[in-house]
Amino acid sequence: MSAADAARAESAPVLELRGIGKEFGAIRALSDVDMSIAPGEVVGLMGDNGAGKSTLVKIMAGNFHPTHGTITLDGREHRFDRPLDARAAGIEVVYQDLALADNVSAAANVFLGRELTRRVGPFRFLDHRAMNARALELFGELKSETRPRDLVRSMSGGQRQAVAIARTRLAKAKLILMDEPTAAISVRQVAEVLDLIRRLRDSGVAVILISHRMPDVFSVCDRVVVLRRGTKCADKRVDRSSPEEVTALITGAKEFA
Amino acid sequence: MTDAAPGIVFTNVGRNRWYRSGALASQTAYVAIALVVITALVAVFANHFLTPNNLLNTSKNFSYIAIVALGSTLVIITGGIDLSVGSVMALTAVVTAILMKALSGTVLASVPFGVMGAAVVLGLGLAALVGFVNGVMIAVVRLSPFVVTLGTLSICRGITYVITQGRGQAPNGPGVDTFYALTDGRILGLPVPLVYLLALAVVMGVALRQTRWGRHVFVLGGNERAAKLTGVAVARVKVSVYMLCSMAAGLAGILVLGWLGSAPANLAVGYELKIIAASVIGGADLAGGIGGPAGAVIGAALIEVIRNGLALFGADTYWEQVFVGSIIILAVLVDRIRTRQPD
């Protein structure tokens with residue numbers, strides 16, 4: 001364990017993975033991965049296709065159980081049976097395709113599955129006013145030019161990201177997993193998304209950024225974790241590494257760091 | 001409420017012109033305009049169109065289709081399709097009529113409206129059961145809606161023929177007058193099917209726009225995966241729309257039973273296409289995510305006004321199908337041109 005890691009451990013990690021392994025039949029997708037992240041920390045999770053990134057993310061997000069190992073959140077061990085369990089525990093995911101419905105408003109997407117209602121007699125009706133107001137606040141916190149009542153269909157990639165991220169802010173998430181948020185958007189929008197991530201960090205949220213893009217990781221992350229063939233081959237502060245070193249780690253030109 | 005959060009300046013995020021946003025920009029809106037124009041033309045050129053009798057008949061005729069189109073629109077909004085509606089109309093009508101006779105000899109006969117009430121409730125229950133089967137096969141077993149409802153279309157029609165041996169079934173038994181009054185009578189001078197239609201349309205509008213269930217119906221059509229990931233009870237919502245669609249078909253079948261005074265086994269053959277046409281002309285998007293009760297009512301009304309107009313002009317009413325087909329394509333084409341994005 002490096003000195004930086006030891007320092008992190010002292011600042012009470014929000015999430016701690018111990019000895020995580022996952023086997024699909026005879027295929028070992030992940031073996032013995034340890035990882036932790038502190039509040040307000042941004043960790044880049046990198047690796048080539050098939051290195052185990054998505055498997056690790058899906059384990060943290062509650063899509064499936066690890067074959068071995070434990071997940072500890074705020075000092076308590078958890079076992080997630082479904083994505084909703086992870087969400088209830090404070091882990092939110094921004095999916096690569098953002099999981100937005102184009103045909104309803106930004107506010108509707110933010111509150112999807114958690115709509116606010118008010119009681120009128122025996123009926124419960126949507127509280128549009130409260131949801132629009134709260135969505136507006138969240139977009140304001142994210143400094144995003146997004147109107148709660150606009151349809152997502154007509155929005156830019158950056159605005160869509162803001163809607164997906166605002167959704168995670170609704171429940172005061174402790175940890176946000178972002179799956180390739182900058183993979184398919186324009187240069188200007190990438191800058192917007194990286195700004196959004198910095199704002200999350202400043203508000204004390206831990207962020208795990210899954211990305212292929214070296215410049216993004218090095219501009220926004222505190223630490224980079226590299227997976228290769230299902231094992232963790234590096235976990236170090238970005239200011240003590242370089243894109244060249246990480247590339248070498250991802251491809252296997254360099255074994256460990 | 002202001003438009004943007006404090007401190008946010010919209011630099012390059014434009015706002016749509018008023019005529020390109022909201023209800024005015026929907027397919028439903030310009031089909032409504034087309035309905036008004038065509039109705040006006042028919043009223044001017046066909047002398048008998050505005051006679052009370054003709055208006056009454058026209059409004060009654062389209063109500064049956066429109067009631068089912070409400071349910072069909074719900075299914076279409078979720079991105080599904082229900083082809084079984086015509087058969088469900090027939091099965092429900094026939095079973096309801098048979099139950100009236102069968103229950104006449106039981107203790108229910110001594111309860112006021114007991115026989116009629118029980119027959120109608122059981123008939124609608126059967127319709128709901130068909131919808132439940134459709135919904136479970138689609139939402140839980142994950143078969144394609146087209147295939148499942150094509151199957152139930154055939155099954156329900158087959159059962160209708162089996163139990164009637166092709167003979168028409170007439171409502172009969174104690175309280176049959178009440179049954180006719182409630183299915184073929186008038187309320188405030190309006191034919192009851194029209195009153196039911198308007199009431200159901202209002203309830204559906206409120207349910208779609210003002211409840212969590214309605215929101216989830218739209219999101220299912222927009223992005224089912226997103227709904228699932230955010231914890232929406234996808235299967236339950238889907239099953240509910242197929243049940244409501246079948247029950248709408250069942251209700252229309254019972255109303256037609258009252259109107260005709262008999263339910264032939266070939267009742268509503270081919271109606272599924274007319275019903276889906278009404279939904280689609282009114283703006284429901286077969287790709288899912290878009291639609292509403294106003295569209296179903298307007299689409300069904302447009303079809304009926306054209307049919308009635310042709311009849312009043314003395315034209316061959318077989319042209320109706322040609323017109324309906326053309327309007328489906330035209331309505332969708334206009335919508336495509338309107339929403340065309342610059343490449």
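Just so we're on the same page: letters track the sequence lines, and every chain starts at 1.
- Taking His216(B), Arg212(B), Glu224(B) one by one and counting their heavy-atom pairs under 4.5 Å with chain A, the maximum is reached by Arg212(B).
- A cation-pi contact links Lys22(A) to Phe24(A), judged by a cut-off of 6.0 Å to the six-membered ring centre and 45° from its axis.
- Heavy atoms only, all atoms of each residue included: Ala127(B) and Met247(B) are closest at CB-CA, 4.2 Å.
- Among the candidates Leu220(B), Val206(B), Asn223(B), the residue making the largest number of heavy-atom pairs closer than 4.5 Å to chain A is Asn223(B).
- The local environment of OH in Tyr95(A) is crowded, with over 12 non-hydrogen atoms from other residues, nucleotides or ligands closer than 6.0 Å.
- Among the residues in residues 192-211 of chain A, none has a non-hydrogen atom closer than 4.5 angstrom to a non-hydrogen atom of chain B.
- Chain B forms the most heavy-atom pairs under 4.5 Å with one residue out of Ala135(A), Gly113(A), Ser156(A), and that residue is Gly113(A).
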Discussion item. Is there a salt bridge (charged side-chain N to carboxylate O under 4.0 Å, His left out) between Glu180(A) and Arg213(A)? Walk through the geometry before answering.
Written reply: CA-CA 9 Å; Glu180(A) 300 268 8; Arg213(A) 290 171 44 99; over 6 Å; no
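- Listed in order of number, the residues of residues 134-149 of chain B that approach chain A to under 4.5 Å between heavy atoms amount to none.
- Other residues, nucleotides and ligands contribute at most 12 non-hydrogen atoms within 6.0 Å of the CD1 atom of Ile27(A).
- Nearest heavy atom pair, residue Arg119(A) against residue Pro122(A), reads NH1-O, 4.4 Å.
- A salt bridge does not link Lys53(A) with Asp179(A): every distance from a Lys NZ or Arg NE/NH1/NH2 to an Asp or Glu carboxylate oxygen is 4.0 Å or more.
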Discussion item. Is there a ring pair (Phe, Tyr, Trp, His ring centres under 6.0 Å) between His78(A) and Phe80(A)? Walk through the geometry before answering.
Written reply: CA-CA 6 Å; His78(A) 283 269; Phe80(A) 304 134; 5.5 Å; yes
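- Of all the heavy atoms in Ser144(A) and Thr146(A), the pair that sits closest is OG-OG1, 2.6 Å.
- The minimum heavy-atom distance between Ile81(B) and Val75(B), with the atom names listed, is N-CG1, 3.4 Å.
- Residue Leu112(A) touches chain B through both its backbone and its side chain, counting heavy-atom pairs closer than 4.5 Å.
- Heavy-atom proximity under 4.5 angstrom to chain B picks out Arg167(A) from residues 167-176 of chain A.
- Interface remark: Phe123(A) contributes no atoms to any contact with chain B (heavy atom separation under 4.5 Å).
- Note: Asn132(A) CG to Glu137(A) CD = 12.0 Å, rounded to the nearest 0.5 Å.
- Asn49(A) CG to Ser54(A) OG: the interatomic distance, rounded to the nearest 0.5 Å, is 8.0 Å.
- Interface residues of residues 279-298 of chain B toward chain A, defined by a heavy-atom distance below 4.5 Å and sorted by number: Gly289(B), Ile290(B).
- How far CD of Gln159(A) is from CZ of Arg147(A): 8.5 Å, rounded to the nearest 0.5 Å.
- Contact record, Val94(A) with Leu98(A): CG1-CD2, 3.7 Å, taken as the closest heavy-atom pair.
- One finds the CG atom of Leu17(A) at 8.0 Å from the OG1 atom of Thr72(A) (value rounded to the nearest 0.5 Å).
- The structure places CG of Leu198(B) at 10.5 Å from CD1 of Ile187(B), a figure rounded to the nearest 0.5 Å.
- Counting heavy-atom pairs under 4.5 Å between each of Ala108(A), Ala61(A), Pro83(A) and chain B puts Ala108(A) at the top.
- At least one donor-acceptor pair closer than 3.5 Å links the side chain of Thr230(B) to the backbone N or O of Ala227(B).
- Scanning all heavy atoms of the two residues, the minimum distance from Ala331(B) to Val31(B) falls at CB-CG2, 4.4 Å.
- Distance NZ/Lys228(B) to CZ/Arg82(A): 11.5 Å, rounded to 0.5 Å.
- Only the side chain of Arg225(B) comes within contact range of chain A, judged by heavy atoms closer than 4.5 Å.
- For the residue pair Asp48(A) / His212(A), no side-chain donor-acceptor distance below 3.5 Å is found, with atom types taken as modelled.
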